[in-house]
Amino acid sequence: MGLSVPHLLVVLAIVVLVFGTKHLKTVGADLGDAIKGFRRAVKDAETDQAEPAGGLLSSAGAEERESVR
């Protein structure tokens with residue numbers, strides 16, 4: 001009971017009639033930007049988890065950094 005190609009074309013035609021082509025272009029661009037941002041956030045989260053638990057600096061290095069400030 002899935003959607004066939006003719007059903008999808010009818011749905012697409014209704015969406016175009018309701019929203020208009022200009023609005024659909026901006027929605028598509030915004031959706032693309034959102035997907036890129038999501039992928040970037042997932043990649044950053046994966047790299048953060050790959051770092052050691054202590055971070056790049058040891059506790060002695062962190063103390064030295066604090067004394068410089």
Side-chain angles (χ1 to χ4, degrees):
M1 189 143 174
L3 292 175
S4 63
V5 174
H7 291 116
L8 292 175
L9 291 176
V10 169
V11 170
L12 181 62
I14 292 171
V15 168
V16 168
L17 288 174
V18 170
F19 292 110
T21 56
K22 289 184 181 180
H23 186 67
L24 287 179
K25 287 180 185 178
T26 58
V27 169
D30 291 342
L31 183 62
D33 291 340
I35 291 172
K36 286 179 187 177
F38 177 75
R39 287 183 179 169
R40 189 178 310 121
V42 168
K43 184 178 178 182
D44 290 344
E46 288 175 353
T47 57
D48 288 345
Q49 290 178 354
E51 290 182 3
L56 297 176
L57 296 175
S58 65
S59 60
E63 291 172 5
E64 291 173 6
R65 195 173 49 159
E66 289 295 325
S67 64
V68 172
R69 289 183 185 178

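Everything numeric here is computed off the predicted structure, so don't read it as measured data. Both backbone and side-chain heavy atoms feed into the values below; hydrogens, waters and symmetry mates do not.
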Scan the side chains in residues 10-22 for donor-acceptor partners under 3.5 Å anywhere in the protein, sequence neighbours excluded, and list what turns up.
none

**Q.** Residue list, side-chain hydrogen bond (donor to acceptor under 3.5 Å, both in side chains) with Thr26, at least two apart or on another chain
**A.** none
What pairs of donor and acceptor atoms, side-chain ones from residues 29-36 against any protein atom, are under 3.5 angstrom apart with sequence neighbours left out?
none

